[in-house]
2 protein chains.
Amino acid sequence: MDTTSISSEASRWEASTLASELSFLLARSNALSLAAGNAALRAFGLKVRSYPVLALVCDDLRPTQRELADVLRLDPSQVVSLVDELEGRGLIERQVDDRDRRAKVLVPTAAGRALYLDARDAVLAAEEGPLRDLDAAERTLLADLLRRVAFAPGE
Amino acid sequence: MDTTSISSEASRWEASTLASELSFLLARSNALSLAAGNAALRAFGLKVRSYPVLALVCDDLRPTQRELADVLRLDPSQVVSLVDELEGRGLIERQVDDRDRRAKVLVPTAAGRALYLDARDAVLAAEEGPLRDLDAAERTLLADLLRRVAFAPGE
DNA sequence: TATTGTTATACTCTATAACTATA
DNA sequence: TATAGTTATAGAGTATAACAATA
């Protein structure tokens, strides 16, 4: 049996020194996830940049723009334009925080909630592509490990 | 004991609906890894965009530019400018492929190899930051799971 | 005809600094 | 003084189309 015809061309890179580095594996996995996510969100007029803003607002966390910038690792000025866009579409609203009148708390509209629920289904379905080789237990394990990387104290 | 003072502010997002989505965890983990990687590579005049090119070339895989575009998920025109930069610094060289004179095979110079070995050490050290909460077994497990996402057949 | 590398171009994203209003 | 949001701007990254050389 000719094993060389079985091994796909991808294995050439999969076995490379680079592919042993977590940073490369994270980058490539994220690139695949990004492409799938953007494709799924296009139908809702959202992108992987705007969707997380809508998601956190619709999760009733009442985040301020500053908090969004921190958790999404965006510059505060970028949050401004993303919030402008979503507010312009009537999906979320800015509310001046009573306890600190500098801050603006973000809350969802009914239309925002409705769109979010549909968009979220699409995002979860789109993840199926990159994750297709992992069973349910492996996906949970991957999520738990990644959560500890993403929210490592001090980062 | 006041447990609210122990739970860091990050847990507010860590427990959000968004933080259960693999795509978000990948994006945030990658963002942290990217920042750490760029900081470590700055001393070598490299970035997280150029380092993988040098790495695959120095791993003696003799990749063509087209192959680099595929594995690094870059447009072929982006590979041109990255290769221009590394070749201009005398770190790699273009060689016309004898079997297909359209293709250019990339090979390292002695200077390229030397820089790569140092840069690689710095990259591995920089990964320590985001991964600090995972022990050796967990890092291996994470890498194995991510490799199956990054190189899922059909992607 | 199709593919590799290249050039050119426009668009998106990111980083920085300065400004305002509040604290 | 310091911080939240805002504006403006420049730089880096990305996507697209067209072209020459080769298959």
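Computed from heavy atoms alone, side chains included, the values below leave out hydrogens, waters and symmetry copies. Here is the naming used below: chain letters follow the sequence lines, and residue numbers restart at 1 for every chain.
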> CD of Gln95(A) versus P of dG5(D): gap in Å, rounded?
Replying inline: 13 Å
> With respect to Asp84(A), which candidate in Arg89(A), Lys104(A), Arg94(A) satisfies the salt bridge (charged side-chain N to carboxylate O under 4.0 Å, His left out) definition?
Replying inline: Arg94(A)
> Who passes side chain to side chain donor-acceptor pair (under 3.5 Å) against Arg42(B), sequence neighbours left out?
Replying inline: none
>> Going by side chain to side chain donor-acceptor pair (under 3.5 Å), name the residues that satisfy it together with Asp100(A), two or more places apart in sequence or in a different chain.
In response: Arg102(A)
> Residues two or more places apart in sequence or in another chain: which of them pass side-chain contact (heavy atoms from CB on, under 4.5 Å) with Asp118(B)?
Replying inline: Phe44(B)
>> Any non-hydrogen side-chain atom of Tyr51(A) less than 4.5 Å from a side-chain atom of Glu21(B)?
In response: yes
> Using a cut-off of 4.0 Å between protein heavy atoms and nucleotide atoms, how would you tag nucleotides 18-23 of chain C 5' to 3' with B, S and -?
Replying inline: ---BBS
> Near DNA chain C, under 4.0 Å by heavy atom, which residues of residues 51-66 of chain A?
Replying inline: none
> Just by protein heavy atoms under 4.0 Å, how would nucleotides 10-17 of chain D read 5' to 3' in B, S and -?
Replying inline: --SSS-B-
> Asn30(A) CG to dC13(C) P: how many Å, rounded?
Replying inline: 14 Å
> For Leu82(A) and dC13(C), what is the distance between atoms CG and P respectively, to the nearest whole Å?
Replying inline: 8 Å
>> Go through it in stages, so that I can follow the logic: the residues are Thr17(B) and Asp59(A), the test is side chain to side chain donor-acceptor pair (under 3.5 Å), and I'd like the CA-CA distance, side-chain angles, deciding distance and then a yes or no.
In response: CA-CA 7 Å; Thr17(B) 304; Asp59(A) 209 10; 2.9 Å; yes
